[in-house]
Amino acid sequence: MSASGSVRPGWSLRTKLLAIVFVGAVLPLATLGLWLAQNTRRSAEASLRARLDSTLSRAAQQVGVSWITHRSGLFDLVQDSTLASTLAHGRLLAQPTRLGVAPNGFAALRAATHLIVVRDAAGRAKWVVGADETGAPILLAAGDSLRIGDGTASDGFETNVPVRRGIGGEILGTVDARFRIASLLQGWTGGVAGASAVLAVVDRATGAITAPLPFDASLLRAGRFRWGGDDWLTESRIMDDPSLEIVAAAPLTSFMEPFDRAARTGAIALAVVTVAAFILVILLTRRVTHSLVALAAAADAVAAGDLDRQVEARAGDEVGRLAAAFNLMVDSLRKTLAQLSQRQAVAAVGEFASALAHEIRNPLSALRINLQHVEERLEAQPSLREPVQYALRDIARLESTVAGALRLARTGTMSMGAVILGDVLDAVSRLARTEATRRRVSLDLAATAPMALRGNAAALEQLFLNLLLNAVEATPAGGLVGVTVEPLVGEVCVGVWDTGGGFSPEAWDRAFEPFFTTKQEGTGLGLSVAKRLVTAHGGRITVDSRPGRTTVSVWLPLIEMRTSAVRPATVVKATLGV
Ligand code: ADP
C-alpha cells in the first residue's frame with residue numbers, strides 16, 4: 001500500500017493558511033471597521049443631540065427673560081388708575097380714553113402682542129388697548145362679540161391679569177393679552193446646529209406654533225423623523241410659565257458629513273490594510289506551499305522508486321531545511337542501496353574468486369613441481385631449459401595473483417608485524433619504475449627516515465603500489481609522479497602525488513567503490529582495496545585533486561623504533577573486511 005493511500009482528502013495547506021488569516025485578521029478587522037462606523041454614527045447623533053439640548057437651554061433662558069419683560073409691561077397696564085376707574089364706571093370716560101402708562105414701556109408690550117382686550121368682571125370684552133399717534137396707550141371701544149384672538153394669527157398664546165380697585169381690592173375686570181410667540185425669541189442669536197435646523201416654540205394649551213414649519217409640526221414630537229430625504233433629530237424642553245414647549249430639530253446628514261468622512265477614510269484605510277495583508281499572505285503562503293507541494297511530489301516520486309529526485313532547498317526557513325534534509329535523506333538512501341547491491345555483488349564475486357582460486361591453486365602447484373623436475377633434468381640442454389624456466393616464472397606469477405585474489409576476496413585475516421616504511425616504499429618504487437619508464441613519466445621519491453609501522457609488508461606494498469600505478473597511469477608523458485613522507489606525532493603521512501588531469505567528477509564521487517573504473521582495462525579494485533588495507537592498519541586515506549596536481553594521502557600509525565627494531569615481528573590478526 002502506498003503512503004498516500006492512507007491520506008484523507010481535505011483542505012490544502014494554503015487554503016487552511018488563508019482561512020486562518022481570514023478568521024484571525026480579516027474578520028476582526030472587518031468587524032472593527034463596522035463597529036467603528038456604527039460608533040461614529042452613534043457618537044455623531046449623540047453630539048447633535050447635545051448641541052440641540054444646549055440650544056434649547058439657551059432658548060429657554062431667552063424665553064424666560066422675554067416673558068418677564070412682557071409680564072411686567074402687562075402689570076404696568078393693569079395697575080393703571082385710568083383703566084381701573086374706567087372699569088369701575090363701566091364705560092369710557094372719553095372717546096378714546098388715554099391711559100397713564102408711559103409710551104416707551106407700552107411700545108414693547110404692544111410689539112409683543114397681537115391684541116390686548118379689557119374685560120369687565122362678568123368676562124365681557126369691553127375695550128381694546130391700542131395706541132394713539134404718539135404711541136401712548138388708549139382704550140378703544142370693542143363690540144361684545146369680540147373674542148380675544150379673533151382675526152389674529154394663530155402663532156399666539158393668551159394670558160390674562162386681573163384689574164383691581166387699589167392694591168388687594170375687588171376685581172373690576174381683566175386685561176387679556178394675546179402674545180406673539182415669536183416675540184419671546186425676539187433677537188435670538190443663539191443659533192441652532194446646522195443651517196437648515198429649526199427652533200420652534202409651541203403653545204402647550206393650543207398647539208399654536210411660532211413660525212410656519214416646512215414639515216408637519218406633529219413630526220417634532222417624534223424624537224427622530226424622516227423628511228426631505230434626510231433623517232432629522234428633535235429635542236424639546238417644556239416650560240410651565242409661560243406654558244410653552246421649545247422644540248429644536250436638525251437634519252443629521254449635513255452634521256454627519258465630517259463624521260462620515262472620517263469613517264469613510266478609516267474604512268478605506270482598513271480595506272487597504274486588509275487587502276494588502278491578504279495579498280502578502282497569498283504571496284508568502286504561495287512560496288511556502290509551493291515548496292511543500294514540490295516536497296510532497298518528490299516524496300511520492302521517491303516512494304515510487306525514483307531515487308534521483310531532488311527538491312530545491314534555497315529558503316533558509318524550516319521548509320528550506322526540510323527540503324535540504326529530504327535531499328540528504330534521499331541521497332543517503334541511494335548510496336545505501338547502491339552500497340548494498342555493491343556489497344552483494346562483491347560478496348558474490350568474492351565467493352566465486354575464492355572457489356576459483358582453490359580450483360586453480362592445487363593443479364598449479366602440481367604443474368610447478370612437475371616442471372621443476374623437468375628443469376632439473378634438462379640441466380645439460382640450456383635451449384630446452386629456457387622455455388621451462390619461463391613457464392615456471394609464469395606459474396609463480398599466477399600463484400601470487402591467485403593468492404592475492406584469495407586474500408582480498410575472502411573476509412579473512414592477515415598477519416601483522418613491525419614493518420620499516422622505507423623498505424616498503426623502496427620495493428614499491430622498484431615495481432612502479434618499469435611502468436613509469438614505459439609511459440615516460442618521471443618518478444620523484446623522497447628519501448625517508450627510518451620509521452616503523454605495525455602492519456603487513458605485502459599488504460602495504462600492494463597499497464602503495466596501487467596508488468603509485470594509479471598516479472603513473474593518470475599522468476601524461478613528460479609528467480611527474482612523486483611520493484612524500486611526512487612524520488607526524490604518532491603517525492606518518494605518505495602522499496602519492498601526480499601532475500595528471502585529476503579525478504573526473506564521477507570518479508571523485510565513486511573512486512572508492514569496488515569495480516568502479518574509468519579505464520578501459522581497469523579492474524576498479526585499486527582504491528577500494530587500498531582503502532580496506534589502510535583501515536586494516538588503523539589509518540585513513542584522503543584525496544585532494546585538481547587538474548595538474550592530485551595527491552592521495554595515507555595516514556598510518558607509527559610504532560617506536562627502539563622497541564620495534566629489536567623485537568621480533570609479532571603476528572597479530574587484522575580483519576580485512578570485504
Ligand atoms: P582502476 O585503477 O582499476 O580504475 P581504482 O580503484 O584504482 O581502479 O581507481 C578508480 C578510478 O579512480 C580510476 O579509474 C580513475 O578514474 C580514478 N583515479 C584513481 N587514481 C587517480 C589519479 N591519481 N588521478 C586521476 N584519477 C584517478
Side-chain angles (χ1 to χ4, degrees), residues 335 338-339 341-350 352-353 397 400-402 404-409 424-425 428-429 431-446 458-486 493-537 539-556 576-578:
K335 279 190 183 137
Q339 274 170 11
S341 58
Q342 193 77 50
R343 245 178 231 165
Q344 282 165 346
V346 170
V349 169
F352 174 71
R397 201 164 51 80
S400 118
T401 308
V402 168
L406 241 187
R407 191 171 57 219
L408 290 173
V424 171
L425 294 179
V428 171
S429 15
L431 290 169
R433 196 168 297 281
T434 326
E435 187 62 15
T437 314
R438 196 173 72 77
R439 289 178 177 262
R440 289 192 285 119
V441 171
S442 312
L443 282 187
D444 175 10
L445 303 169
L460 288 173
E461 276 174 28
Q462 190 175 0
L463 156 66
F464 289 115
L465 187 62
N466 286 356
L467 301 185
L468 213 51
L469 287 179
N470 270 348
V472 168
E473 284 167 9
T475 309
L480 202 59
V481 167
V483 177
T484 57
V485 178
E486 191 183 350
C493 174
V494 181
V496 179
W497 58 267
D498 64 71
T499 55
F503 281 66
S504 67
E506 200 195 356
W508 178 254
D509 286 337
R510 304 184 51 199
F512 287 94
E513 284 178 19
F515 305 115
F516 174 80
T517 180
T518 56
K519 300 168 193 167
Q520 220 158 25
E521 294 190 344
T523 61
L525 286 170
L527 284 180
S528 64
V529 166
K531 186 171 181 182
R532 262 171 265 165
L533 290 174
V534 171
T535 311
H537 282 81
R540 63 191 192 282
I541 184 167
T542 61
V543 179
D544 175 21
S545 178
R546 56 181 183 275
R549 184 80 184 191
T550 295
T551 307
V552 181
S553 306
V554 174
W555 278 265
L556 292 169
L576 264 181
V578 176

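Because only heavy atoms are used, hydrogens play no part in the values below, and waters and symmetry mates are left out as well, while side chains stay in. Worth saying up front: this structure is predicted, and the values here are computed from it rather than measured. All ligand and atom numbering here is 1-based and tracks the order in the structure.
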**Prompt:** So which heavy atom in the protein is nearest atom 10 (C) of ligand 1, and how far is it from that ligand atom?
**Reply:** F516 O, 3.4 Å
**Heavy-atom closest contact (G502 atom, S545 atom, distance)** = CA-OG, 3.3 Å
**Asked** To the nearest 0.5 Å, how far apart are NZ in K531 and CZ in R540?
**Response** 13.0 Å
**Message:** Show me which atoms of ligand 1 lie under 4.0 Å from any heavy atom of A507.
**Reply:** 16 (O)
**Prompt:** Measuring from E435:CD to E473:CD, what's the distance to the nearest 0.5 Å?
**Reply:** 6.0 Å
**Asked** Looking only at N/O atoms, are L527 and ligand 1 under 3.5 Å apart anywhere?
**Response** yes
**Prompt:** So is T517 polar-close to ligand 1, meaning N/O to N/O under 3.5 Å?
**Reply:** yes
**Item:** Check: K519 N/O within less than 3.5 Å of ligand 1 N/O
**Value:** yes
**Asked** CG/N470 to OG1/T517 distance, rounded to the nearest 0.5 angstrom?
**Response** 8.5 Å
**Message:** Pairs of nitrogen or oxygen atoms closer than 3.5 Å, one from G524 and one from ligand 1: do any exist?
**Reply:** yes
**Message:** Just to check, does N466 reach to within less than 4.0 Å of ligand 1 when the distance is taken from its heavy atoms?
**Reply:** no
**Asked** Of all residues at least two apart in sequence or in a different chain, which pass the side chain to side chain donor-acceptor pair (under 3.5 Å) check with E486?
**Response** none
**Item:** Check: T551 side chain, S553 main-chain N or O, donor-acceptor pair, under 3.5 Å
**Value:** no
**Asked** Counting distance only, does the side-chain N/O of T499 pair as donor-acceptor with the main-chain N or O of L480 below 3.5 Å?
**Response** yes
**Item:** For atom 24 (N) of ligand 1, closest protein heavy-atom neighbour
**Value:** A474 CB, 3.3 Å
**Prompt:** Is ligand 1 less than 4.0 angstrom away from at least one heavy atom of G502?
**Reply:** yes
**Request:** Look up atom CH2 in W497 and atom OG1 in T484, then write down how far apart they are to the nearest 0.5 Å.
**Result:** 8.5 Å
**Request:** Rounded to the nearest 0.5 Å, what's the gap from OG1 on T518 to CD on E506? Could you check?
**Result:** 8.5 Å
**Asked** Counting each atom of ligand 1 from 1 as listed, which ones have a heavy atom of T518 under 4.0 Å away?
**Response** 13 (C), 14 (O), 15 (C), 16 (O)
**Request:** Starting from atom 23 (N) of ligand 1, find the nearest protein heavy-atom neighbour and note its residue, name and distance.
**Result:** D498 OD2, 3.0 Å
**Complete:** With heavy atoms and a 4.0 Å threshold, my read on which part of L469 contacts ligand 1 is neither
**Prompt:** Among protein heavy atoms, which sits nearest to atom 7 (O) of ligand 1, and what does the distance come to when rounded to 0.1 Å?
**Reply:** N470 ND2, 2.7 Å
**Message:** At under 4.0 Å between heavy atoms, is it the side chain or the backbone of A511 that contacts ligand 1, or both, or neither?
**Reply:** both
**Complete:** Heavy-atom proximity to atom 18 (N) of ligand 1, picking from F503, F512, W508, points to F503
**Atom pair CZ (F503) and CG (D509), whose distance is rounded to the nearest 0.5 Å** = 11.5 Å
**Request:** Assess S504 for proximity to ligand 1: is some non-hydrogen atom of it under 4.0 Å away?
**Result:** no
